[in-house]
Each structure stands twice: as structure tokens, then as C-alpha cells.
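Order of the sequence lines sets the chain letters (A, B, ...), proteins ahead of strands, with each chain counted from 1.
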Amino acid sequence: MKLAKAYDPNQFEPNIYAMWETSGAFNPSPTGEPYSIIMPPPNANGNLHIGHALTINLEDILARYYRMKGRSVVYIPGADHAGFETWVVYERELARAGKSRFDFSREQLYSQVWNYVDGQRGNMELQLRALGTSASWDNLVFTLDKKVIDTVHQTFKKLWDDKLIYRGERIVNYCTVHETSFADIEVVHKNEKGKLWKIAYPMLDHIGEIVIATTRPETMLGDVALAVHPDDERYKKLVGTRVQLPLTDREIPVIADEYVDKDYGTGVVKITPGHDPNDFEIGKRHELEIRNVIDNSGRMINVPTQYISMTAEDARKRVLAALKAEELLRGEETIQHAVGHCYKCDSVIQPLVKDQWFLNTKPLAERAKQALQSGEISFTPSSRKRVLIQYLDNLRDWNLSRQIPWGIPIPAFQNENDSSDWIFDERVDEETIDVNGTTYRREEDTFDTWFSSGQWPFITTDALSGGELSKYYPTDVMETGVDLLDRWVSRMIMLGLYMTDKIPFKHVYMHGMVLDEKGQKMSKSKGNVINPMEMIASYGSDALRLGIVASRSAGQDQAFSTGNIVAGRNFCNKLWNISRFIQDKLGENYQPRAPKPKSLADHWITRELNQAITDIDSYIADYRFAEASDTMYHAVWDSVADWYVESSKDNLNPGMLAWVLETSLRIAHPFAPFVTETIWQTLTWKDNLLMSDKWPETIEYEDISASQFERLQALVTEFRYVMAELPGNKRYPLLYQTDSLIADNTDLIKRLSQASEVTSVDQARGLRLAASGREAWLDVDADTLYEHQANLEMRLAEARQYAQKLEDRLSNEAYVSKAPEALVDQTKKELADKQDLIERLAHELEVIA
RNA sequence: GGACCCUUAGCUCAGUUGGCUAGAGCGCGUCAUUGACGUUGACGAGGUCGGAGGUUCAAGUCCUCCAGGGUCCACCA
């Protein structure tokens, strides 16, 4: 087979992927110890972004590596219905068609969005294939598959029976644009400038007044009390009295509550249980009425007529104006405070009282915390574990209800005649059901997406039903972005432990964000988004994979580097050409044979590759992807291509050449699957898939021979260095006296050093390659020799300086007595070597002079 | 208000338990080269590891403080 000079990834990648997929190589092998990774399911409706490329790459490196190590690997892919995300997109489509969600039933909307997503879904999966994902497609799970819904309902039932689920009136985070509530974690808090207004509430005697401070004057229309701290001397006597609520005809009491901070504002807080979480709590403690004055769309209700139907924003202006007119404003100051925003549309989140489903997270969080503290689950980077524990400590109850149709329905029904009577039932397709003669009406809300995502590990592996994949639960590693630590990782641990009594995964690896080339966060609005598919089109999938993992450490945000991708592309080409050379030398009819190191180069490359194999093993075990990839890169490029292939041109050892090529391909495969498999398929003596083949094993070599090759390298490097320093014609002969290492390797030295001749002489002349430590000379004339004098002087000075440093170290009593003996011995040897060098260089200088 | 992280070569970044003259990719300079590869080869320049203290025989690595940058969490009205 004739191979093109340069590797063209686009020509091979799609076919190679198809070959893998049709061969069944992505499915777990029937034998071997299980190893499992679950892919964080990408949005079925979207395109992959560069962050996905990183995630998939890291996971795929592990999957391919452990597969080659003989483990029974399952890498389970997924597709996410991305409830709210997709809903927002679809609602925009509806608006474009002049329709709204209120024109359809839940079933109609659900099936419309289903069809919409179904039409898009293939894109994302094709993109995963373009990345080379070795996922087990037969086991793909969509987050709205029946088994997901069934399991989520089962979990809900168990929580219900354990009385951890409750329905209650609580303050929820509500987006009045999208008309749905959110979990606390979904709200984006921003520090913003706001105003703190001081407002006087007149006493009933119309003489005195109490001044309160608030950032949201419009909510005063829903006030039901004022609160002061019980120990606040200023207000103590007012507790129990009543004040006039301005702009209304209502009177409200003054109460005392520990929550109030005497030192903030005026020390008096207006209590609006309908629109503030703290006030809601205080209201409960004091059995105060809840007055809702803002509705789901953000408009005023239950207020004096002039404010009815105004937006909260307008109402604020009107209220302030009215207060001013009545001379009740007592000043304002600008403050910095946190304001909640919708993470999608950025509008201000309204705290509203809603009757919704909540999960009591306390017991779940406690158990998750124990699993973390006991070390059952480990983290890379390890510091994230502490962050997660801190999060679990402060966790509040979780609002599971979402008012959007695109999601898993909450399987609960309400008695038509008794609003407090709720029952669990899975017949969510029916609007009403009949139970023992009583009619129940279904809950229209759906679950928070993270409630189902939090169950992903045991759902995808069928851990509850004990299916075939259940042996892969708990999974070995959960790899995801640092941003999902609390909203996803925490929930998987909590719900996993709760439902299966096992941790969902043994290790969590968190990667940082991929920033743009300037270190800025990528966003569509900034227009700095890097599309992984464009990178693949330009450089190839392997190049993207190699480039994105290079120099990247866990949990750390890092800028994208096109230079690294280019380096990856070049590496693939290097590998391609190594194989071209070796295959050319082996010929079409090469018969496989056991590798037997013979030449010095053979022994040396064996040692180098053996070392690379074991280094990569330990780096991957430590999740040090960049170091593993770097080790592979330099073993292949520096050792194999630059030294071994060059050396082989004079001394062919077919068995070794084949072993070196195979080993290079094997160690590179997890990092660059396409090019390695492409080459593997061109090997005449192989008829299997590299991806299903084995991780290489080390073979025997002689250390003495390997070290001798290293001495030759030192000679060659010194020769090249001196040549580069010398002016004029660069091709000098190399002369040597009694040096058997040189005598035995004249052809090799000649080739590697570009010497015109390597000749044995009786009488040395020219420039001695002093630093190489060999009896070798460059045959140059006196003038050229003189040119080199300055260089020798410089090197001598450097050597002396360093020797002095070593001497100082050794003359330090404390160092000799306290440092490890091996280190001291090493220092002594180093000094001796350095002194030898100094002697040789000095002697050489004398000769010149 | 809490917590975490970052500051190392012109650029983007590695550098595990403190210990060989601090590394990579890209960029830069000099030179080379008609068959494995210009997506190349050889050689080289370039860093007092943000600053100041401290611990230690030994600090880029550990501790304290300071400066600058970033991220996450948070119901102070």
C-alpha cells in the first residue's frame, strides 16, 4: 500500500469511525474487570461546544486506555432533553409563529417539542462521533426515555413514602418572564447598586412615626407588620403597638424578632411574607397573614386600585411618588446588594409564595457528606471536595416544581374536593383519575431537570433493576466541569446513595473552563466562540484532541491555543511518516517476529519506550492527562523519530522496527485514536482493530548497551553543537584514536553527526570534542580552531561556576549530614564529572594557545 | 459577607509527596536539507518562578503578610 506523504485526517476519520462502530468494538467486552464512565449528556437540541470537546476527550482517553488494558469498558452516552433550556428555545419558536404556551395542552406542547428536538438530535450525536468518542451507542439513554421517567417516578415515590417530599406554600424564586420557578442554585446573584429608601410609618396617634428601610418600596403594599429586635432599646416600648401602613387603609402591628439586625438601616424591618423569604419565615413564626401583591407575570394585585396591574417596576415609582407627596420619605442612600436574576433572560427574580413540591434535603445531604468525609469518593482536584461539603452543609430544601411542559411530569394528583389531599399516581397521561369513587386532578408541573439528572448514574446502568449493565455501577469516574459541582455532582451523590445505598461513582474529575485565546470566557454574544467542528475540519479530530489536553491541569480554567492544535496536527503527520518509513523498510511481505534488541539503538529505544509505557500508566492512574500525553508525544517524536528511525537507516532490525511502530501506535492511541487506527489498518501483518488491541508491554533489553547509545548521543550532540558554532563549511571529518565505541559505530556516527568521515588516526589533530568525554577530534585547521577559543572559554567559565556551587554545597556540614546520603553521593559524582570536564576544556585551551 | 483559585520564557501554560544547572507548545535567531516527514532536521537565545518576610542543609514547591487578576457560594431588609 502506497501512503501519501502527508497525513490527511479528513480522508480517513469518518471511515475509521464507521469501522469501529460496525465492528461492535464500542460495546463492553464480555470478559475483564468492569470499568465505566457515564457521559454527561449533551443537550439533544444543541451543537457541541469546545467544552464538550474537552470533556469527551478526557473521558475517551480513559475509556480507550482501560479498554486496551483489558478492562470491560462501558462508556455510556446520553442525550439531554435540557428541560428549561430547550423550552426557552421552543417558546421563542412559538412566539415567532404568533402562538403561546397557553394555546395548547401539556400533551400537545410535549409532543411538539419532542418532534422539534427529535429533528435536531442527530446533529449532536454526529458531532460526538466526529470527536472519536468510543461510546457504547447501543446503551445511549435519552433523558426522557421511558426507563428514565419510570425510575424518576419510583424515586419520587420512595421519597414521598419516606416523608421527604412535601407540598407546601413556600417562597420560591420565580421568573415572571418565563413564568416558572427555579431552584436556589439556578438563580444568578449579582452585586448591584441599589437604593435603600427610608420610609416613615405613622403611629396611630398621628404624632409619632417609625422609620423603616427597604430596597423594594413597592412591596410595602403587602406589608403585614414591622419588626424590631427584641433587645433594641430604641423600639422596645413600641412592640405590641400598631402603625398605619401608608398608602393603604390598613393598620399593622409592630413585632419583635431575633432576625432583625439592630445596626442595619434604621433597625426596623417591614414584613412582607408574600415577597421575601426571610419575611416569610418571620411571618410563619408570628402567624402573620400572607398577602400576595405581585402575580406570576410580575404585575400588582390585591392593592389599591391605582396600582392594580402595574408592573412591579412601575409600581415602585408610583409608590415613591405617593410617599413623597405625603411627606413620608425620610431619605435614601445608594447601597451595594445582591439581586437574583434569571440565568436565561436576566430579568430580576421575584420571590413569590407558591404551593409547590419540595424535597427535604437534610438527611440526603448528611449521608452524602459522610461518604465524602470517609473518602469513599475522591476528587481531582482534591480541594473541590471541601467546597462540596461546605455546599452540603448550607443546603436548603429543594424546590422540584417547574411550570414548563417540557420535562418529566410530577406523578401527583389532587382530590377535587379536598385541596389538601394529594396522592401519588403514575397515570400522568390522564388529566383526572378516579380512585375509589373520588376524582383526582393531576399536577401540571414537571420536575426540575436536575432531579432526574441527579439519578443519571443508576438509571443509565439499570442499577435498581439489576440489568446487564448494573455491574458497572458504581461507575469508576465522573468527569465534568467545575461549574456542575453543586447542581449536579452533589445531587448524584445524594440521590445515588438514597436509592442504591451505594456511592454513584468512585472518583470525580473536574475540568476547568476552556476560555478563548485571550483568556476571556466564551459566549455567543461576545462572538468569541470556538467551534470544535471547524477545528476538526481544519486540523483533524486527533489534532483537536491532542491540542486541547496539552498543558491543561484539573479544575483550572485555561485559554484555548490554536498553536497546541497545530502541534497536534504536526504530531499526527510525524507518526504517519514514521510508519511510512518503517513499512517501507519492512516491505509488503513482512512476517511478524518477536522483537529482539541487537544494536545499541535497539536496546536504547526499548528502554525509552518501556519507560514511556510505565510513565503513562502512572500519569493516567493519577488523572494527569497532559503529562501522559506529553510523555507519549516526546517518546514518539524525540526518541523514536529523531534518534531511532535515524539510527535504523544503517542497521535494520525488522522485528524491532515493527515493535517500535506498534508500541508507538499503542501508546498514542488513547490520545490520537484516528491516525493510529488508520496506520494500524495499513499494517500488512495486522488484521484486527488497534482500539481492541492491547496496551503495550515492556520487553527485555540490556542496560549497558542502552547507556552506550546514550554516550554516542552525547558525542553526536557535541559534534553538532561545535559544528553549529564554527564558521564556514560545516562538514568536517571526525577523527578518533583508541575508542572502541566510536570504532564500532562509525557509520552510525557519520549519519547522525553529518561528519564527512569518521576516521581512526594515530596522531590527534584539530579540535577535541572535550565535553563529550571521548577521544574524538574535529579535523579543522588552526584558524578555525582559533575561532572556537572564545566558545571554549565561555564553557569553561560556566563549568567552573557550577563546580564551585557544588563544592560549596558539599562543604556545608549541614547539607552533608542532613540530606539523604544518595543525594550527597550524587552531588559528589556530579562534582567529579564537572572537574573532569574542566580539566579537558582547560587542556584544550592550552593546546590552542 | 464567606470560600476557592491564579500570578513561572514574547504568548498560552505544565511543574505529584520541598532535592539533579526550572520545562513544553507556539513564536524568535542561526544553519541544514533532492526520498519517512518543510505539517522537516540540527543548534541556540530567552525566566533573580508577582512583592516582602519566615521555616529548612535545601523553597517555584511549605507558612505569614501585601499587591494584582479570576471563579464559585450567600435570603442582610
Taking the six-membered ring of A/Trp197, is NZ or CZ of A/Arg316 closer than 6.0 Å to its centre and within 45° of its axis?
-> no
Side chain of A/Ala724 - closest among B/A36, B/C43, B/G2 = B/C43
Nearest-nucleotide pick for A/Pro820, side chain only, options being B/G19, B/C4, B/A74 | B/G19
Dot-bracket encoding of pairs in RNA chain B, which uses [ ] for pseudoknotted crossings and | for another strand, Watson-Crick or G-U under 3.5 angstrom | (((((((..((((.....[...)))).(((((.......))))).....(((((..]....))))))))))))....
Ignoring the backbone of A/Lys5, work out which of B/A36, B/U12, B/C37 is nearest its side chain.
-> B/C37
Could you check whether the rings of A/Tyr623 and A/His507 sit parallel, tilted or perpendicular, using 30° and 60° as the cut-offs?
-> parallel
Not counting sequence neighbours, which residues clear ring pair (Phe, Tyr, Trp, His ring centres under 6.0 Å) with A/Tyr343? List them please.
-> A/Phe84, A/Phe182
Taking the inter-plane angle between the rings of A/Phe571 and A/Tyr633 on a 0 to 90° scale, is it parallel (under 30°), tilted (30 to 60°) or perpendicular (over 60°)?
-> parallel
Side chain of A/Lys574 (C-beta onward), nearest among B/G41, B/G19, B/C4 = B/G41
Choosing from B/A74, B/C13, B/C37, which nucleotide comes nearest the side chain of A/Asn191?
-> B/A74
Could you work out which one of B/A36, B/U39, B/U12 sits closest to the side chain of A/Ala559?
-> B/U12
Which value, in whole Å, describes the distance between the P atoms of nucleotides B/A14 and B/A24?
-> 16 Å
Rounded to whole angstroms, how far apart are CD1 on A/Ile582 and P on B/C37?
-> 14 Å
Is A/Tyr802 stacked on the base of B/U21, meaning ring centres closer than 5.5 Å and planes within 30 degrees of each other?
-> yes
Nearest to the side chain of A/Arg720 - B/U21, B/A24, B/C43?
-> B/C43
Closest nucleotide of RNA chain B for A/Leu806 versus for A/Ser553: which of these residues is on the 5' side?
-> A/Ser553
Closest to the A/Ala338 side chain: B/C76, B/U71, B/U12?
-> B/C76
